[in-house]
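Data block below; observations after.
In listed order, ligands and their atoms are each counted from 1.
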Amino acid sequence: MQKMKAQYGIDAPNVVLYFVVAGAGCLAVSFVPGVPPPIPTLFPWVSASWLLTALILILASTVFKLRLRDRILDSLHLKGDERVLDMGCGRGLMLIGLAKRLPNGEAVGVDLWRKSDQSGNSSEATLRNAKAEGVESRVSLETADIRHLPFDHQLFDVVISSWAIHNIRDLEGREVAILEALRVLKPGGRLILVDIWTIDEYAKLLQGIRMEDVKVSRPSFIFLVPTKIVEAIKPIRPFVDKNLTLSS
Ligand SMILES: C[S@@+](CC[C@H](N)C(=O)[O-])C[C@H]1O[C@@H](n2cnc3c(N)ncnc32)[C@H](O)[C@@H]1O
């Protein structure tokens with residue numbers, strides 16, 4: 001029997017579809033008899049640039065993202081017995097990569113499984129991927145909003161989130177999600193956030209509430225727009241969060 005392969009889907013599938021339809025539309029229009037100049041010469045180039053953008057976005061989800069994932073997770077030097085949380089895990093790219101590095105640990109994923117954010121998104125697809133990668137016994141999933149994590153305080157050694165938090169429309173909601181991540185993180189635990197447009201906000205918040213060792217990576221352009229990684233350590237001492245509440 002052929003071995004099943006994990007499929008992590010395409011991010012923002014509607015955006016990719018938009019570029020394909022626009023590219024194909026431009027190409028079709030340029031061949032319509034009698035269209036005035038400069039359409040017959042200009043539109044094939046416009047079409048090519050949109051179709052190329054779609055191709056790059058598909059390669060980003062299916063190839064480049066996996067390479068970046070491996071680089072990020074290798075850099076964590078996990079001991080192998082940690083309990084980790086992936087917020088907005090989708091079809092399990094980070095989650096399963098983590099579980100593979102945790103022979104004696106546990107990887108927990110939380111998501112709302114929005115198909116507009118990732119094609120074919122569902123908890124079943126994630127469990128299928130975990131099975132295909134042979135890590136299903138170390139993976140568990142919860143359906144929940146990352147602004148309200150269904151976990152006790154200080155449960156995880158590492159909390160990670162990749163390309164998920166920017167999907168929360170308002171700044172306040174994004175900050176609530178990050179404060180939730182810190183709530184469930186053990187003192188001394190590590191937070192790793194990978195994201196696009198809104199990533200600098202996260203670094204600012206983490207510095208503002210005096211997380212330790214806040215680092216921002218250089219950008220990578222796998223999705224054309226810059227992706228950066230922000231890392232921070234939750235201090236052992238209690239800290240004061242943005243709303244001036246003492247958190248542990
Ligand atoms: C672009 S996908 C990325 C998935 C995965 N982290 C990865 O890197 O492949 C964004 C994910 O965030 C999830 N998501 C968006 N907003 C969320 C929220 N408020 N709570 C939980 N999950 C959310 C979506 O359902 C989707 O699975």
Report summary line: Note: ligand 1 atoms sitting under 4.0 Å from heavy atoms of Ala164 are 10 (C), 12 (O)
Query - Shortest protein contact, atom 4 (C) of ligand 1 (heavy atom only) - result: Gly88 O, 3.5 Å
Query raised in the report: Among all protein non-hydrogen atoms, which one is nearest to atom 2 (S) of ligand 1, and what is the separation to 0.1 Å?
Result: Asp117 O, 3.7 Å
Query - Enumerated ligand 1 atoms positioned under 4.0 Å from heavy atoms of Asn167 - result: 10 (C), 15 (C), 16 (N)
Report task. Report, in ascending order of atom number, the atoms of ligand 1 lying under 4.0 Å from any heavy atom of Trp113. Result -> 25 (O)
Query raised in the report: Does ligand 1 have any atom sitting under 4.0 Å from a heavy atom of Met94?
Result: no
Query raised in the report: How close does the nearest protein non-hydrogen atom get to atom 23 (C) of ligand 1, and which residue and atom is it?
Result: Asp111 OD1, 4.1 Å
Query raised in the report: Hey, which atoms in ligand 1 end up nearer than 4.0 Å to a heavy atom of Ala144?
Result: 20 (N), 21 (C)
**Report entry** Ligand-side contact atoms (ligand 1) for residue partner Ser162, heavy atom cut-off under 4.0 Å
**Finding:** 3 (C), 5 (C), 6 (N), 7 (C), 8 (O)
Query raised in the report: With respect to atom 5 (C) of ligand 1, which of Ala12, Gly9, Cys89, Pro13 exhibits the smallest heavy-atom separation?
Result: Cys89
Report summary line: Within the 4.0 Å heavy-atom cut-off, what Gln118 brings close to ligand 1 is side chain
**Report entry** Distance-only N or O hit between ligand 1 and Arg114, under 3.5 Å
**Finding:** yes
Query raised in the report: Atoms of ligand 1 less than 4.0 Å from Trp163 heavy atoms?
Result: 1 (C), 2 (S), 3 (C), 8 (O), 10 (C)
Report task. Report yes or no: does Tyr8 have a heavy atom closer than 4.0 Å to ligand 1? Result -> no
Requested in this report: Mark yes or no for whether Glu142, through its side chain, and Gly109, through its backbone, hold a donor-acceptor pair below 3.5 Å.
Outcome: no
Query raised in the report: Can a salt bridge be assigned to the pair Asp157 and Arg83 using a cut-off of 4.0 Å between side-chain N and carboxylate O?
Result: no
Query raised in the report: Is Asp200 salt-bridged to Lys228, cutoff N-O under 4.0 Å?
Result: yes
Report summary line: Under 4.0 Å between heavy atoms, the region of Asn121 that gets near ligand 1 turns out to be side chain
Report summary line: Nearest non-hydrogen protein atom to atom 22 (N) of ligand 1, with distance, is Leu112 N, 3.4 Å
**Report entry** Presence of salt bridge, Asp11 and Lys65, under 4.0 angstrom
**Finding:** yes
Query raised in the report: Would Tyr8 and Asn129 count as having a side-chain donor-acceptor pair, cut-off 3.5 Å?
Result: no
Query raised in the report: Between Arg147 and Glu180, is there a salt bridge with N-O shorter than 4.0 Å?
Result: no
Report summary line: The atoms of ligand 1 lying under 4.0 Å from a heavy atom of Asp11, numbered in the order shown, are 1 (C)
Query raised in the report: Got a salt bridge between Asp74 and Arg101, using NZ or NE/NH1/NH2 to carboxylate O under 4.0 Å?
Result: yes
Query - Contacting atoms of ligand 1, where contact means under 4.0 angstrom from a heavy atom of Lys65 - result: 7 (C), 8 (O), 9 (O)
Report summary line: In this structure, atom 20 (N) of ligand 1 is nearest to the protein heavy atom Ile146 N, 3.0 Å
Query raised in the report: Got a donor-acceptor contact below 3.5 angstrom from the Asp117 side chain to the Arg114 backbone?
Result: no
Report task. Examine Phe31 together with Phe43 and report whether their ring centres are nearer than 6.0 Å. Result -> no
Report task. Identify which of Leu149, Asp145, Leu66 has a heavy atom lying nearest to atom 19 (N) of ligand 1. Result -> Asp145
Requested in this report: Among Ile233, Val230, Leu185, Leu182, find the residue that satisfies the side chain to side chain contact (heavy atoms under 4.5 Å, CB included) test when tested with Met211.
Outcome: Leu182
Requested in this report: Might you work through the salt bridge (Lys or Arg N to Asp or Glu O under 4.0 Å) test for Glu106 and Arg138, ending with a clear yes or no?
Outcome: CA-CA 5 Å; Glu106 187 190 354; Arg138 309 199 289 274; over 6 Å; no
Report task. Please check if any side-chain donor atom of Thr143 sits under 3.5 Å from a side-chain acceptor atom of Trp113, or the reverse. Result -> yes
